[in-house]
Structure formats: C-alpha cells, structure tokens
Amino acid sequence: MNNQQDEDVWTNSQTSVNFYAMKKETLHAFTQISVVLTGFSNADLTGTGLIATYYETVLKELGAEETSSLLATFERIKISNPEQITAQEERQAQEMVSGPTFKTAISQVIQLWYTGQWNATDGSSYIISSHSYLEGLVWKAIAAHPMGGKQPGYGTWSYPPLTFSSNS
Amino acid sequence: MSKKHDYDVVIVGAGITGAIVANELAEKGHKVLILEAGRQKNFSFESYREYLHHYYTNTIKIPNSPYPQNPAAPQPLVTDVGNIEDGIQQFDPDGYFKQYGPAPFQSSYTRANGGTTLHWLGTCLRMLPSDFREKDLFGTGKNWPINYYDLMPYYQMAEREIGVSADVEEQAFLGITFEEGYVYPMTKIPQSYLDQKLTEWTKDGVFEYEGESFDYDVVSTPQGRNSNPNPQYNNGEGYQPVGAVGNPDLGTRCEGNSACVPICPVQAKYNALKTLYKAIKKGVVLQEQSVASEILYDDKTGKITGIKYKAYKDFEGLKAGRKIGYEEKVVTAKRYVLATHAVENAKLMLASGFKNKNIGQNLMDHPVLLTWGLAPERIGAFRGPGSTSGIPSLRDGTFRQDRSAFRIEIGNWGWNWPKGSPVTELNDALAAGKFGKGLRNALLDQVQKEFRMGFLIEQQATDRNCVTIDERYTDELGNYRPIINYNITDHEKEGMLAAKEFSKQLFETIGGESKTAYDPSRGGYIEYKGESLWWQGAGHLAGTHIMGTDAENSVVDKDQRCHEHENLFLVGCGNMPSMGTSNPTLTIAALSFWAAENIDNDLKDLK
C-alpha cells in the first residue's frame, strides 16, 4: 500500500478532522488501546467512522501531554494481539485501568466509545454528534441497537435475544 | 355567512384534540383557524428531522428532549422536579411551573404543532365502564355525566384516526365490549419476547392480597402505532396506514427504533401532525407563534367576543436580556374551542377572569410506581416499542372502595426509566474497574435480563390539587406560569402498597430477582405504613375543567360546552372527571370527535 492509499484509509467525509496532519502511527496506537479498553475489534471500531474524531476529542480534552503519556504507557505493555490479549497482558492493562494515574482518563475514553459522549471531570458533558450517539458501543455490547436508530425491523423484538460472543 | 366574525371556529392549540376538531369541522365546510403557541414549522420531513437531531445530541433524554425549549411558549420538563433535601422537595426555580407541592407534579407536555402526541408512547386503551361511575359504584371520585356506551361510536372514530393496532378478541375484558363485528384498523403489534416469556412464566400465577385472590393475564396493549392493516376492517374495506408527514412511504409499519418516548424517527407512531396535515389540506388555517393570552367575553351574557393573543416573530439569536417582541391581536369567531391541554386551558380561563370555581381544580395525573428486576433468563431488553403488553387484571374490582386500582405496564427497555440504563450499568462496571471483554460480558449478561413494570395508579379528583395563577409568576411574553398545588391521598398510597406487593409476588412466581430499591433523595419518594414507595409522573394531566351536570359541580356539560359561556367548547383531558387507569389520549380523541359533532350542529342551527 502506498502512502496515498494509507491516508485514504482514514478519509471520512463526515468529519472536519484534519487527519492528514495526524501521524498515522498515533491513530494506530489510539486504535489499539481502544480495542483493548472497549473489548471490540479493529473492524468494529473502524466501522464507527469515529476513530480520528475521538482521538481529536481526547487530545482536546486531556491535552497533548496526558494523551501521549497514556498512549506511551500502554505501548510498553507490548500487546501482540489487542483483540485477543493474554492473561499477563490483561493484568498489566488492569494496572493501568485501576491505577491512580490513568484511571479517570481511561474511564472517560471508554465512556466516549460506549456512549458517544464526553464526560468532563467538572461534571459537564456533551455528545460529539448525532453520529457518535448512534455509534455508541454500549448498544452493541448488549446486542441491541441505539434507541432511536439502527432499527432492526418490524417484529424483531418478539424473537429471542441475540447473543454476540465477545470472542468475535 | 356573516362577515361579523373572522372565522366560523377558532381553536386554540394544535395538538391532537385541536387537530381532530379542526379536521372534522373543515370536512363539514366550516372556516377554521388554529392558533398555536409553538414555533412555526413546516410539514416537511426535514423539519421533523431537526427534532431527531436535537434528541440524538441531548445528553438528557427526557420526554421533551427533542423539542427545544421556547421562552415564548415554555414547557414543563420532568427535570424541573429536583431531589428531596432535608425532607423538602426541591424544584428548579427556572422551571415553567411554580410548584407548591407538597408532592411533586412530575409530568410534562409539549407546546408545538402536534402537541404531546409528539412524545407520547402511543398506548390506546379504552376506559372501563366502571370508570365512568366510580362515585356510584365505590363511593370514591366522581361520576361522568356520560357512560362507556355513549362513547363507544366515538372510540371507533378515534381508533381509526389514530390508527390503532390490536386484536379485538383479546381486548374485551373487565366489562369492555365492542360492537358486533368490530375489528381494529391494524392487527396487534407483535408482543415482545419478554411479554411472551412472562405470559408463560405467570400462567399459573395468582396475586394474593388482603384475603383476596386475583388471577391475572398478560395482555397485548392496543397502541397508536402502525402494524399490518386488517383486511376485515370497516366491513372489508381495509385500512391504509398513514406514514410520516412529508415522507408518506416511511413509517407505514413500526421498525423497532425503540425511542417512541420521546420521538419516533419514522413516524410509525401516530402523532397529531398527521391529522393537522389533513386539516390544512382541507383549508384550515394554522397560525403558529400565536400565544392566546386572554378570552374576551361579555360580562352579562357570558358570550365570548374574541380571543386576544400575542403574535411573536422569530427570535433566534436574540441577545440575552432582550425581550421577545410581540404584537397583540384579537380574532373573532362564531364558536371558540380551547385545546391547549388541561393545564394551559385552565390557566387561560383563569387569566381571563372566568368565575367558575372548578376551573383549575381536580388536577390529576397517574402516579406511576416503578419496580424492576432481572428475569430468570435473557429476554433481550431495549428492543421494540417501550411497552407492547400489560396486565389489566387489577384495573377494576370492589377493592376500589378501599384502594386505587392500577394498570400494569410491562416495560421493554430494561431499567431505562427508573435507573437510566444501560449507561448506569456501564458506569457501575467502570467504577468496578472493568474494561474490554470483561466489560462487554458484564453488560451483556446483566442488561439482557432487565425488565421493569410501571403501575399506573388511579388518582381521585380532589379540589385540593389545582392549577392557579399569580401575577408574580409570568413568562417572557408576560403570560402566566401555571402554579401547581398537588398531593396524593391515602387511597392512592394503599394502591401503591398493593402494587409493590404484586411486583414482589410476580418476581417470585417467575423465579426472577427483584432489584426494586427506592432512593429517599429522589422526587416522588414517600414512606407509608413502614414501606418505601417511589412514583413518577405518567405524562397525564387531567381534570382541570371537568364535565358535569351544572356550573356548581363542573365547567362543561356533556356536550363539552362551557356552562357559563355558550359559544365556548373545551376539549382535552381537562374535561375528564376521572381517568380510571388508562392512558387518556384515546378517550379525549373520542371526546373530540363528539365535540366536533356538537359544534357542527350548533353552526348548522345558526345558518
């Protein structure tokens, strides 16, 4: 894949984010940490169309220093396959999740992915966009759909519930 | 036709009752104007999508969340009711109502074209025959001056206009009867998987309470929501579902958006825009941004001589502190109709100096006791309409002498209403340090088993619960803000005790796990006979200008004409001396058809 095609992978006409200014490596690192924190696959996260938008939000809200510190610390765990982490890797990730340094930020990042909403430490919050609300992962986690969108069709509510294996 | 009046009929309010009356009268050839306080909106689907966008990006998804607050026509919000602090119920001082309590009035309505049907759930249950005669039968509440059988033909009209989906053979319970051969316009909305499992798990269930045994059934709920048209409807003529206004091929059948309250993205759920649109095509004039401020009348005869209203221009971008500009105008007609919903109707009459002492009194809601828990297996919450079935069995009985009846609504959206699920479960899991697949599993396992019940407790009419006005409390246009005095009685609390016990027994019967736990700091929390209880508003507001036999005991007669103002008709929930245990919209829609007939007869006599 040449450079032009690489950049095109991140093209998203729905946002005004200037990803050409973002390092490909940074977005990749952000994706990998998001895969581990959310429990959803690369394909699922890419499918939301929001990776770059969320990275931009995190950068804006946490600041450049905390963001790069978060990504760098996570990088040191050296996870080989974020979609299928080992018990050892999970322990190390749990340390970051529960530890005092990144606990709050990690919770905010997971909430962002799961609800499309940024919840600031001062109690204020905002939903990034209609799109981010509809792409909230919490609905996928419970094998449903966002209330008000992605409607599954007439009568589907009378069937037994779907169960998505977390191994997928 | 006399040129003395601007119109044959002026209707205040473009909600379901105003729309039905307008549409019916226009059909009969009358010249009709509707004054609507809300913003001007065209009937394109793009215009409706603005509501949807507002809903998606609103961090608090209450019933009015898609419908922006408008300082020229403010709306109550359920978030205006705060917590209980040091034993005192708090209210947001910026809230539209001025509430004196002691109990919080927790329901809201929408002031825009389409009115509260924009955000309603769509439940279309008929009242029971006993509901019209409670004073006679149980010694409680008030009697209606009409009965179920009087209303039957109008219920059919309402069911057609709204487009109700139900299987009639399931709906003849507790004295409800239908005309020979009647079927609903569309077949029942499929019952949720939860409903089906509850039916199975409770088939031998019996509710034991105070020495009585009650069998009960899970029954599909008739709803104003498009499903499959019934080819037998209307003697084989069939029925054509009405889709979205401005986009008629969309929404001809429910698609499972699971957001009925507060907005159906495809308009498969009925909203009064559909009736309004028909009315406008027949020549009804709809004039928005016109807030009625006073009904002018002759002191001696009581005849209404005009309606004064404030016409405001758009004020987007108005700098803070600048007043909204308006022009005061008066419009005249042969007949006038107030259709602004119970609270606003009463407020307008009080603002006009009407003397009838019943105006504003007998304010009623359905306090809803919520209970919640886990089913014994995954039922897949958060799918489908908010409720597709209920348990009607405790809506009637001799026990109504001693305690309120209730209707049980089975909720398909997990613990969304009582707890704010699924986001609360997410936050709990995060606080416990969960992440990744562990987080996903925890959410899947818990949330898929969640369900809740809502017990709509019948409330009695009492003059103590009332809407009043006070010069000190006005909005930005200088119109009054409604003042609310409200409480619930022991009769209702006894009903809540029975409801709480029903829930406990049901969870035991099905082998589920009740998780009902009431937080003393939340509005609607009370303690009664050692039990904690918690209720929320159903979104029903009624009784503020009840129907009765004379001016001493009521505001309107059975024709829905004001006793003291012969050319003024009132429509809507304010007319109801009791609501029973059913959501009131279907009943007031039926009454609106009847009122339209009465007004048409009046106008014919004038010619």
Side-chain angles (χ1 to χ4, degrees), chain A residues 35-40 82-85 90 93-94 96-98 103 106-108 110-111 114-117 119 124-134 136-167, chain B residues 52-53 55-59 61 66 189-197 226-228 253-259 262-266 268 378-385 388 412-414 416 422-423 425-427 430-431 433-444 446-448 450:
Chain A
V35 167
V36 173
L37 291 179
T38 62
F40 282 88
E83 293 180 9
Q84 209 63 53
I85 61 177
E90 188 173 344
Q94 184 72 68
M96 274 188 78
V97 169
S98 306
K103 192 164 129 139
I106 284 177
S107 180
Q108 288 172 307
I110 299 177
Q111 286 171 60
Y114 269 67
T115 65
Q117 178 170 315
N119 299 312
S124 66
S125 59
Y126 62 96
I127 292 178
I128 313 302
S129 62
S130 294
H131 178 192
S132 76
Y133 166 73
L134 291 170
L137 296 173
V138 68
W139 308 105
K140 212 161 177 169
I142 62 173
H145 67 95
M147 296 173 88
K150 300 197 183 202
Q151 58 272 38
Y154 177 79
T156 51
W157 56 87
S158 67
Y159 303 149
L162 297 172
T163 304
F164 293 150
S165 163
S166 67
N167 289 324
Chain B
L52 200 53
H53 174 75
Y55 163 69
Y56 288 151
T57 54
N58 201 325
T59 53
K61 293 187 164 28
I189 290 281
Q191 289 172 275
S192 65
Y193 186 74
L194 165 66
D195 296 338
Q196 294 166 54
K197 295 308 283 185
N226 289 334
S227 76
N228 295 321
R253 208 167 63 156
C254 176
E255 300 171 7
N257 272 286
S258 313
I263 183 168
C264 179
V266 300
R378 293 181 183 180
I379 42 79
F382 290 95
R383 301 183 300 147
T388 39
N412 289 328
W413 300 341
N416 183 262
V423 174
E425 286 81 342
L426 170 67
N427 292 339
L430 291 175
K434 292 209 190 307
F435 72 97
K437 304 218 167 137
L439 174 63
R440 277 184 75 167
N441 284 335
L443 290 175
L444 180 70
Q446 151 109 4
V447 179
Q448 280 209 339
E450 289 181 2

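Remember, it's a predicted structure, so these values are computed and weren't measured experimentally. Numbered from 1 within each chain, the chains take letters A, B, ... in sequence-line order.
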**Student:** Nearest 0.5 angstrom please: A:I110 CD1 to B:K434 NZ, how far?
**Tutor:** 12.0 Å

**Student:** Is there a side-chain contact between A:I127 and B:Y56, using heavy atoms and a 4.5 Å cut-off?
**Tutor:** no

**Student:** Exactly one of A:V97, A:I106, A:T38 should register a side chain to side chain contact (heavy atoms under 4.5 Å, CB included) with B:F435. Which one does?
**Tutor:**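 Only one of A:V97, A:I106, A:T38 forms a side chain to side chain contact (heavy atoms under 4.5 Å, CB included) with B:F435, namely A:V97.
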
**Student:** B:A259 and A:M147: which non-hydrogen atoms are nearest, and at how many Å?
**Tutor:** CB-C, 4.0 Å

**Student:** Which bit of A:P82 is near chain B, if near means a heavy-atom gap under 4.5 Å: side chain, backbone, both or neither?
**Tutor:**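 Looking at A:P82, nothing touches chain B.
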
**Student:** At a 4.5 Å cut-off on heavy atoms, which part of A:T115 comes close to chain B: side chain, backbone, both, or neither?
**Tutor:** side chain

**Student:** Heavy-atom distance under 4.5 Å between the side chains of B:S258 and A:W157, does that happen here?
**Tutor:** no

**Student:** What's the shortest heavy-atom distance between B:G256 and A:P152, and which atoms?
**Tutor:** O-CD, 3.2 Å

**Student:** I'd like to know whether B:V423 forms a side-chain contact (heavy atoms from CB on, under 4.5 Å) with A:Q111, so could you lay out the CA-CA distance, the side-chain angles of the two residues, the decisive distance to 0.1 Å, and finally the verdict.
**Tutor:** CA-CA 9 Å; B:V423 174; A:Q111 286 171 60; over 6 Å; no

**Student:** With a 4.5 angstrom heavy-atom cut-off, is it the side chain or the backbone of A:I128 that approaches chain B, or both, or neither?
**Tutor:** neither

**Student:** Which bit of B:N416 comes within less than 4.5 Å of chain A, counting heavy atoms only: side chain, backbone, both or neither?
**Tutor:** side chain

**Student:** For chain B, which of A:P160, A:G116, A:S98 has the most heavy-atom pairs under 4.5 Å?
**Tutor:**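 The option with the most such pairs is A:P160.
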
**Student:** Is the shortest side-chain heavy-atom distance between A:Q117 and B:T59 below 4.5 Å?
**Tutor:**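 They are in contact (side-chain heavy atoms under 4.5 Å apart), so the answer is yes.
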
**Student:** Nearest 0.5 angstrom please: A:S130 OG to B:N58 CG, how far?
**Tutor:**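 Going from the OG atom of A:S130 to the CG atom of B:N58 covers 11.0 Å.
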
**Student:** Any heavy-atom pair between the side chains of A:Y133 and B:K61 that's under 4.5 Å?
**Tutor:** yes

**Student:** So which of A:K150, A:K103, A:Q151 has the biggest tally of heavy-atom pairs under 4.5 Å with chain B?
**Tutor:** A:Q151

**Student:** To the nearest 0.5 Å, how far apart are CG in B:N226 and OH in A:Y154?
**Tutor:**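 Going from the CG atom of B:N226 to the OH atom of A:Y154 covers 10.0 Å.
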
**Student:** Does any heavy atom of chain B fall under 4.5 Å from the side chain of A:S129, the backbone, both, or neither of them?
**Tutor:**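 Looking at A:S129, just its backbone touches chain B.
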
**Student:** What I'd like to find out is whether the side chain of A:I142 reaches to under 4.5 Å of the side chain of B:E425, using heavy atoms alone.
**Tutor:**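 SC-SC contact between A:I142 and B:E425 ruled out.
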
**Student:** Under 4.5 Å heavy-atom distance to chain B, tell me which part of A:V36 shows up: side chain, backbone, both or neither.
**Tutor:** both

**Student:** Chain A: which of B:G438, B:A442, B:S227 shares the most heavy-atom pairs with it under 4.5 Å?
**Tutor:**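 If we count pairs closer than 4.5 Å to chain A, B:S227 comes out on top.
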
**Student:** Drop me the distance from A:N119's CG to B:L430's CG, to the nearest 0.5 angstrom.
**Tutor:**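 These two atoms lie 10.0 Å from each other.
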
